[in-house]
Each structure stands twice: as C-alpha cells, then as structure tokens.
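One-based numbering, in listed order, for ligands and for the atoms of each.
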Amino acid sequence: MRDDSRLPTSPGFWRSPLRGPWFTSVLGLVLLVGITLLFVTGLVSYAAYNPDLSPVNDKTPDKGILGFYLFSWPTDPHWLYRLNQGVHVTLGVTLIPVLLAKLWSVVPKLFTLPPARSLAHALERISLLLLVGGALFEFTTGVLNVQLDYVFPGSFYPLHFYGAWVFFAAFVAHAVLKVPAAVRNLRRLREEGEPGPTPRSAPAPASAQELVSPRPDPATVSRRGALWFVGGGSLLLFATTAGQSFDGLRRTALLAPHGGADPGSGPNGFQINKTAAYAGITAARTDQDAWRLVVTGPTGTVRLSRSRLAELPLHSSALPIACVEGWSTSDQWWRGVRLRDLAALVGYEDDPPDVFVESLQQRGAFRHAALRANQVADPRSLLALYVNGEPLTPDHGYPARVIVPAAPGVLNTKWVARMTFGETR
Ligand SMILES: Nc1nc2c(c(=O)[nH]1)N[C@H]1C(S)=C(S)[C@@H](COP(=O)(O)O)O[C@H]1N2
Ligand SMILES: [Mo]
C-alpha cells in the first residue's frame, strides 16, 4: 500500500488516537448549548442600544430585516444589561478552549479529498467553512474588543453583528445535520460502555469512523482525560474573567482589562471606561463659570449652571454601570435631577418624550446618545451630580452624567452639555 501519510490530505497523516466520534460529539453538544446562549445574549445586547430609536445609537444602519426582533429596551430589572452582558462575555471567554478542541478534533476533515463528492457534499463543506471561519471571527472580534478596547474604531459593532448572523446561519445548518448523529454516537457509546482508558476500546461504526485515525499513535492520555484538560482550561478562563462583574471579586479577574483592584478607593473608586483626559475634557470647560446645561424642548431652551441644577429636587437611585465589554460595577448611589423633571422644565409636564443627549466631548462615537421615552420617564433615571455622597470626579462625568436603569454603559453619557427633548436626530 502506498504510504501517503506525509500529506494532510491523507487520513494516515492524522495520528492522534483521541480523535473520534465520542470526543467530537461531547464538545459539539457543549458548543450547541453554549453558542446558542451566546447568540441570544448577543441579540439582546444589540437591542439594548435601542438602535431603531436614533441613527446615533445605530452602528449598523443597513441591518434591514435583521432588526426584525428589536423591542423597546425596558428599565426593569435594573441589572438586566449587567446580567446579559456578563453572561455573554464570560461565557464567550470560557468556551474558547472548547471551541479550539472541537476544531482540532475535526481538522482532518478540512483536508479531505476530493473537495466535493457531490453537490450536497459541496454545500455541506461550504457551510462548514462558514461555520469554522464564522466561529473564529466572532470569538476573535469579541476578545479583541474586550481586551484591546476597540481596536476596530467604529467597526466592531457591524463586524460582530453581521459576522454573528453569517455564523449562526451556518451553525443552524450544521446542527440540523449533525445533532442526530452526535446524540446517536453518545447513546451508543453509553450502551456499549463508556470509552475506556485506552481510546481504541470504543470502535465506532463506519459512518462515524471518518474522524478516527487509521494509524493512531499510542495513547498518552485517555479521551476522558483530554476532556478534563479542556474543561480545566475553560474553568481557569472562567475563574479569571467572571470577577470583572463583581466588586468583591474584581481582583480575581486577571484576564479582564477592567479586572484587578478597584481603581482608587472611596466613593468614586469604581471602573472608568474613558477618562476625562482621553475625552479631551478640560477643567476650563467644566468649571462653575464656563459650564451650562442646555435643555431644549417645545417651550424653549433653559440654561442651568451646576449650582442651579443642585437646587432642583434631587433624587437618589442605586444603579450599576454595565459595559458592553462585560465588566460591571455593583450598584452605586447616584444623586441628581430626574430626567423627567428636566423634560418638565421645557414643556413636557406629563408624558416625557425621547431625548437626545450630547456631551462636551468633541470626538468619539460615545459622545452622544438617544434615550427612549420609557427610559426618560423612569423615576430612577437621573442626570447625576453626585455618586456615593461625593460630587462626580472628572473621570466619572463631572459636572453631570446620565444614569439609566438597565441600560448599557454607553447610554450613560458623561460630561453632559445638552439635552434635547422630543428629538433624537
Ligand atoms: N461622553 C462620554 N460618555 C460616556 C463614554 C464616553 O466615551 N464618552 N463612555 C461610555 C461607556 S462605553 C461606559 S461603559 C460608561 C462608563 O462609565 P464610567 O467611566 O463612569 O465607569 O460611560 C459611558 N459614557
Ligand atoms: Mo462601555
């Protein structure tokens, strides 16, 4: 027999005795559940931006029917975005070893010749390419966005959003084709006894044999052991990421960019996304004499200094900051003027409308945001002047910032300069 095992296109090239239907099926079923959850939390996160409310909230104006499911993002429960995004990012990071192991387990199939035996086979292989490429793309863009803080200026949202749909279409096609076989594999192996310490003890039927090396090297670890190894990697990533969403545990989040110790201590000692210096906010523009909040509505425009604002009825609410990057703070005590009271100053006594909020900041995608009427109406939604009993520090948005229950951090505009009620651009 011809020895062609030096080429990856030959089955004999792939020698690991671990490859086989059991290993691939277990990992595949974990990903089926995990990635479905990633997709759903991703879609929910997208809706939380209220992209259909205003072009400034919408990073993907050409989404067309992909926005079919959008809904008005609620303000209850107030930790909704915190939970959703914590799950999305932490789960995504945790699944990385599982994804890599799964791809490793099927890599010989990518090299199989001939490239296509039939039209059906060709379609299956194209869907596989979209699946593998899509998965790598989504995990990579997600991780880079979290770790490197927007390496794709302005383009992360469209990349990750459209990538998710391409990937998910391929994922559904793949799952429909493969889940029955994965379940059958696992059931059969259960009946015949689970795979023993030597992997070759569980020969699979011909249909599932494709993954099994015809000339396996001797085993150095059992399939079950390899699975523990993958699971251990996931557990390690989980343990060094999850803490970014909990104030007491932040030190454990070694891998998360907003992990580590809480920045500074004291009332303003919680995470900062963009500092005042980064946003180009100077003391000259925020001091008592220079800064005015400009509020506009049907009855005209009012200009308020910070001390005038502080004389309006002030209210407190306990709300977190929860960023799309997955980190969040526990509830902080904010104190300031209700958004609906500001609406009332310019002609909306009863039903406050949507509002367009603009920052002093001159550049950057997050310098303005639109809030929906339900968010303005919520009595916990504030233009905050204080946090945890102290005036806001410059980095947290002094002189004033928006804080809205359940909203993504990006809608909580800092260094607010202007609010236009009844208009969202
Ligand atoms: N003007 C302005 N407001 C902003 C941002 C910004 O870059 N500019 N970043 C937003 C984002 S993405 C988040 S997560 C929160 C973070 O608030 P913090 O820095 O007080 O924790 O502020 C939001 N408000
Ligand atoms: Mo954010």
Side-chain angles (χ1 to χ4, degrees), residues 45-46 48-50 56-57 59 79 81-82 84-86 88-89 142 145-154 156-157 160 244-245 247 250 256-264 266-282 285-286 291 293 317-336 355-371 375 381-388 390-419:
S45 176
Y46 181 74
Y49 279 68
N50 278 334
V56 299
N57 292 20
K59 315 293 181 204
W79 38 259
Y81 192 73
R82 186 178 177 203
N84 184 83
Q85 209 54 20
H88 185 74
V89 172
N145 187 52
V146 167
Q147 288 294 336
L148 300 182
D149 215 23
Y150 313 107
V151 273
F152 331 90
F156 166 71
Y157 294 90
H160 204 63
Q244 68 174 336
S245 307
D247 283 0
R250 211 171 303 279
H258 287 267
D262 280 312
N268 273 278
F270 58 94
Q271 274 48 48
I272 293 160
N273 189 312
K274 297 291 184 328
T275 63
Y278 174 93
I281 308 294
T282 59
R285 305 196 54 209
T286 57
W291 185 81
L293 175 71
S317 33
L319 299 172
I321 296 277
C323 183
V324 65
E325 296 164 39
W327 60 269
S328 57
T329 70
S330 41
D331 295 353
Q332 312 291 323
W333 277 98
W334 306 92
R335 190 162 174 76
V355 65
F356 184 62
V357 181
E358 293 164 272
S359 170
L360 281 177
Q361 190 182 343
Q362 303 285 310
R363 259 175 245 286
F366 305 151
R367 71 183 190 281
H368 47 207
L371 300 170
Q375 295 174 313
S381 297
L382 302 176
L383 182 70
L385 307 176
Y386 304 93
V387 65
N388 301 321
E390 301 264 325
L392 294 170
T393 57
D395 287 342
H396 285 300
Y398 180 90
R401 82 172 300 167
V402 166
I403 183 85
V404 171
V410 64
L411 297 184
N412 295 324
T413 309
K414 304 197 277 191
W415 315 291
V416 172
R418 187 183 285 271
M419 303 181 78

Any nitrogen or oxygen of [X], side chain or backbone, less than 3.5 Å from one on ligand 1?
| X | value |
| --- | --- |
| Arg367 | no |
| Trp327 | no |
| Asp395 | no |
| Asn412 | yes |
| Lys274 | no |

> Which is it for Gln361 and ligand 1 at heavy atoms under 4.0 Å: side chain, backbone, both or neither?
Replying inline: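 The answer is the side chain of Gln361.
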Keeping [X] on the side-chain end and [Y] on the backbone end, is there a donor-acceptor pair under 3.5 Å?
| X | Y | result |
| --- | --- | --- |
| His88 | Ser45 | no |
| Gln147 | Asn145 | no |
| Asp247 | Asp331 | no |

>> Which label fits Phe270 and His396: parallel for a plane angle under 30°, tilted from 30 to 60°, or perpendicular past 60°?
In response: parallel
Ligand-side contact atoms (ligand 1) for residue partner [X], heavy atom cut-off under 4.0 Å:
| X | answer |
| --- | --- |
| Trp415 | 1 (N), 2 (C), 8 (N) |
| Phe366 | 1 (N), 2 (C), 3 (N), 5 (C), 6 (C), 7 (O), 8 (N), 12 (S) |
| Ile272 | 19 (O), 21 (O) |
| Gln271 | 18 (P), 19 (O), 21 (O) |
| Thr413 | 3 (N), 24 (N) |
| Ser359 | 1 (N) |

>> Checking Asn412 against Arg401 for the side-chain contact (heavy atoms from CB on, under 4.5 Å) test, could you report, in this order, the C-alpha distance in whole Å, the side-chain angles of both residues, the deciding distance, and whether it holds?
In response: CA-CA 7 Å; Asn412 295 324; Arg401 82 172 300 167; 3.7 Å; yes
> At their closest point, which heavy atom of Trp334 faces which heavy atom of Leu382, and how far apart are they?
Replying inline: O-CD1, 3.7 Å
>> Ile281 vs Lys274, test: side-chain contact (heavy atoms from CB on, under 4.5 Å). Steps then yes/no.
In response: CA-CA 11 Å; Ile281 308 294; Lys274 297 291 184 328; over 6 Å; no
>> Are Trp415 and Tyr278 an aromatic pair, judged by ring center distance below 6.0 Å?
In response: no
>> Can you tell me if Arg401 contacts ligand 1 (heavy atom of the residue under 4.0 Å from the ligand)?
In response: yes
